[in-house]
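Below is one structure, written out as structure tokens; the observations come after it.
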Amino acid sequence: MTTRNSHVPMPGSEYVPLVGSSAVSSVDPHSQISVTIVVRSRRPAPELHSDHELAARLPGQRQHLSREEFESRHGAHADDLAAVGRFAREHGFEVIETSAVRHCVVLRGKAGDFGRVFRVEMKEYEHERGRHRGTDGAIHIPKELAGFVDAVLGLHDRPCALRHLAGAGVKKAVRARFLPNDVARLYRFPRQADGKGQCIGVIELGGGYYKSDIESFFASIKMPLPKITDVSVDGAKNAPEDRASLTAFMNAVSSGKKIAPNGDAKSRRALDSAMSTTETTMDIELVAAFAPGAHIVVYFAPNTEQGIYHALTTALADKKNRPSVLSLSWGEPEPNVSPKYAALINEVLKNLAHVGVTVCVSSGDFGAHNGTPGKPSVNFPASSPYALGCGGTTLKASGSEIENEVVWNCVFDGMHGATGGGVSRLFPRPPWQQDIDVPHPPAKGGGRGVPDVAAVADPHTGCRIVVGGVEGVSSGTSAVAPLWAALVARLNHAIGAHSGYLNSLLYRLAKESKEHETFRAITHGENGAYRAGPGWNACTGLGSPLGDRLLAALGGK
């Protein structure tokens with residue numbers, strides 16, 4: 001029998017309840033749950049933000065670690081993993097997985113036993129985003145683990161990332177203004193490179209897609225079918241909403257009808273599934289159309305802290321597919337994110353950078369305030385300095401030229417949809433943003449400006465998609481992350497090298513290329529708290545891409 005004195009609290013591990021959630025009951029102590037023990041690296045990979053040599057080095061001049069090299073240099077130590085295994089056996093937990101490269105041991109056992117061991121009380125919470133398990137108080141780590149355990153995931157399973165429905169709720173029917181090839185031409189994607197030899201990972205946290213929709217979409221834009229591989233993480237699979245319901249939902253969206261659940265839990269779940277299926281299908285169709293030569297790998301994972309950690313580390317450890325770019329169109333306002341989780345995911349994104357992976361993340365679709373009360377807030381993980389944060393614009397074109405491009409900020413069914421952007425509360429301003437005018441952070445210790453880049457997000461000027469057999473339109477920064485991921489894959493193909501960690505290099509190029517800009521500056525519009533203007537701004541970052549100039553600046557031809 002252990003006592004509290006045999007445990008130490010884990011700072012920053014307190015459960016952050018969803019606003020509006022309410023505890024309704026205790027968790028059944030006999031229910032089976034899985035818990036992930038995250039173990040320290042044997043030798044932490046170095047930070048990259050202050051590496052001035054790296055910022056000056058073009059992708060073709062960089063040396064990234066292979067996944068095998070990363071595991072041997074920076075994986076978890078065998079002794080630490082073995083100690084967690086002994087701990088598990090002593091307490092009657094089953095060891096499901098042990099991974100040095102992913103720095104974790106996954107255990108399975110009774111909820112009540114985990115609660116006693118980690119000194120937390122588990123409760124069932126009710127919320128419009130779904131019933132879930134929460135915890136009361138900080139996690140306490142047994143002293144024998146405290147020296148090398150970085151986090152414990154899975155004690156709660158609250159939804160921890162939002163997605164935005166593509167094109168839903170617009171007041172009148174909207175038809176796609178562009179085909180993906182149109183947008184690629186307008187943004188001057190490298191014509192000589194289509195992403196061949198690159199693997200783009202797309203992380204999805206719900207829903208799924210129908211192969212028939214993918215086939216219909218690519219037939220409609222007269223492009224060959226892409227190579228798509230599904231990877232199941234923690235048992236999550238391609239699970240689209242049933243065909244009839246999805247088609248009815250998309251017909252309502254396409255005709256401009258207001259979409260709302262009937263109020264009962266079943267109706268809410270069906271709507272959420274339809275929205276997630278639309279999101280997932282859109283992500284896949286866009287990234288594959290913008291980089292038709294690339295191999296697309298879809299990592300399906302649960303929408304939990306544990307699920308997202310496992311999805312990102314699965315991509316890190318994936319020696320079969322070896323993605324060089326990741327697209328993540330999901331995120332959560334920083335006030336809803338625990339500091340421990342944010343630091344953990346930031347570390348994973350850093351590790352991905354060391355193996356040459358560029359991670360493109362949407363900045364959010366609800367403007368600067370992001371649906372949270374009080375001060376403006378940005379989305380995580382777009383706010384991680386190891387993520388390429390992707391903001392949104394409204395794009396108007398005349399023929400093959402861009403006529404006008406401004407900050408995306410439009411009305412959806414009485415609700416404003418606008419690009420997320422602002423200043424992080426969690427991450428300080430990185431060195432590569434020191435020379436730009438980032439607004440004052442809303443919290444001490446913050447300062448990282450979001451987003452870094454932008455592209456078309458307005459549903460009134462979006463791309464064609466096909467979901468549930470119905471033609472729809474892309475929208476939101478959820479559509480920008482796959483666009484930028486595809487562009488990076490095409491740049492990688494043209495250069496013949498992986499770009500990896502791009503942020504410091506892109507900011508240097510933007511600063512130095514005054515006569516031959518690598519970005520189209522977005523100087524008009526606002527997102528609710530910040531206005532666009534010359535140079536970097538908290539609505540659209542450095543701007544939208546000038547793909548051919550980016551290629552030249554990155555050392556390609």
Side-chain angles (χ1 to χ4, degrees), residues 41 43-75 100-103 190 193 195-203 229 231 287 291 293-297 299 311-328 345-361 381 384-390 430 432 452-453 481-482 484-509 550-551 553-556:
S41 170
R43 186 187 304 111
E47 298 289 345
L48 300 175
H49 307 312
S50 299
D51 189 336
H52 299 294
E53 290 186 8
L54 182 64
R57 204 174 296 144
L58 300 178
Q61 302 166 333
R62 296 180 172 186
Q63 294 293 322
H64 296 112
L65 297 176
S66 69
R67 284 166 165 82
E68 292 81 1
E69 289 170 334
F70 177 86
E71 181 172 1
S72 65
R73 295 186 194 182
H74 304 297
V101 66
R102 296 176 58 217
H103 302 104
K196 184 179 180 180
Q198 300 294 309
C199 175
I200 305 174
V202 183
I203 294 178
T229 300
V231 174
V287 76
H295 173 203
I296 311 303
V297 175
Y299 297 93
L312 289 170
T313 56
T314 295
L316 171 68
D318 191 345
K319 298 174 184 177
K320 178 180 179 181
N321 298 301
R322 298 181 185 268
S324 57
V325 191
L326 290 181
S327 174
L328 177 58
I345 296 301
N346 184 62
E347 185 74 10
V348 176
L349 296 179
K350 180 189 72 174
N351 293 340
L352 284 160
H354 276 277
V355 299
V357 179
T358 307
V359 184
C360 304
V361 185
S384 163
Y386 286 108
L388 187 67
C390 300
W432 33 268
D452 301 300
V453 295
W484 265 95
L487 173 57
V488 172
R490 289 175 70 154
L491 292 170
N492 288 352
H493 175 196
I495 295 166
H498 292 177
S499 296
Y501 173 68
L502 269 176
N503 292 25
S504 60
L505 176 57
L506 292 182
Y507 278 82
R508 180 180 70 80
L509 293 176
L550 267 174
L551 175 60
L554 292 173

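Under the 3.5 Å distance criterion, the side-chain polar atoms of Asn346 are left unmatched by any main-chain donor or acceptor of Ser384. Of the possible donor and acceptor atoms, none in the side chain of His64 sits under 3.5 Å from a partner among the backbone N and O of His354. Side chain of Arg490 to main chain of Ala291: no donor-acceptor pair is present (N/O by atom type, distance under 3.5 Å, no hydrogens or angles). Using a distance-only test at 3.5 Å, with no hydrogens or angles considered, a donor-acceptor pair links the side chain of Ser41 to the main chain of His74.
A distance of 11.0 Å separates CZ in Arg322 from SG in Cys199, rounded to the nearest 0.5 Å. Distance check, rounded to the nearest 0.5 Å: OG1 of Thr358 to CD of Gln198 gives 9.0 Å. For the atom pair CG (Leu54) and CG (Asn503), the distance works out to 10.5 Å, reported to the nearest 0.5 Å. To the nearest 0.5 Å, atoms CG (Leu505) and CG (Leu554) are separated by 5.5 Å. Atoms CG and CG, on Leu312 and Leu352 in that order, are 6.5 Å from each other to the nearest 0.5 Å. Taking CZ from Phe70 and CG from Leu316, the interatomic distance works out to 5.0 Å, rounded to the nearest 0.5 Å.
With sequence neighbours excluded, the residues satisfying side-chain hydrogen bond (donor to acceptor under 3.5 Å, both in side chains) with Thr313 are Arg102. Every residue was checked against the salt bridge (Lys or Arg N to Asp or Glu O under 4.0 Å) condition with Arg62, not counting sequence neighbours, and none meets it. Remark: Lys319 engages Glu71 in a side-chain hydrogen bond (donor to acceptor under 3.5 Å, both in side chains) (not counting sequence neighbours). Applying the salt bridge (Lys or Arg N to Asp or Glu O under 4.0 Å) rule to Arg73 yields no partners; only residues at least two apart in sequence or on another chain are considered. By the salt bridge (Lys or Arg N to Asp or Glu O under 4.0 Å) test, Arg67 pairs with no residue at all, sequence neighbours left out. When the side-chain hydrogen bond (donor to acceptor under 3.5 Å, both in side chains) test is applied to Ser50, no partner is found at least two apart in sequence or on another chain.
Using a 4.5 Å heavy-atom cutoff, the side chains of Leu506 and Leu550 are in contact. Between Asn492 and Ser324, some side-chain heavy-atom pair lies under the 4.5 Å cut-off.
Asp452 and Tyr507 form a side-chain donor-acceptor contact under 3.5 Å, judged by distance and modelled atom types alone. For the residue pair Tyr299/Asp318, the side-chain donor-acceptor check at 3.5 Å is satisfied.
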Exercise for review: Report the C-alpha separation of Glu347 and Tyr386 in whole Å, then their side-chain angles, then the decisive distance to 0.1 Å, and conclude whether the side-chain contact (heavy atoms from CB on, under 4.5 Å) test is met.
Suggested key: CA-CA 9 Å; Glu347 185 74 10; Tyr386 286 108; over 6 Å; no
Practice item. With salt bridge (charged side-chain N to carboxylate O under 4.0 Å, His left out) as the test, would you mind laying out the steps for Glu53 and Arg508 before giving the verdict? Key: CA-CA 12 Å; Glu53 290 186 8; Arg508 180 180 70 80; over 6 Å; no
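Using cut-offs of 30° and 60° for the angle between ring planes, the Tyr501 and Trp432 rings count as perpendicular.
When every heavy atom of Pro190 is checked against every heavy atom of Leu551, the shortest pair comes out as CB-CD2, 4.0 Å.
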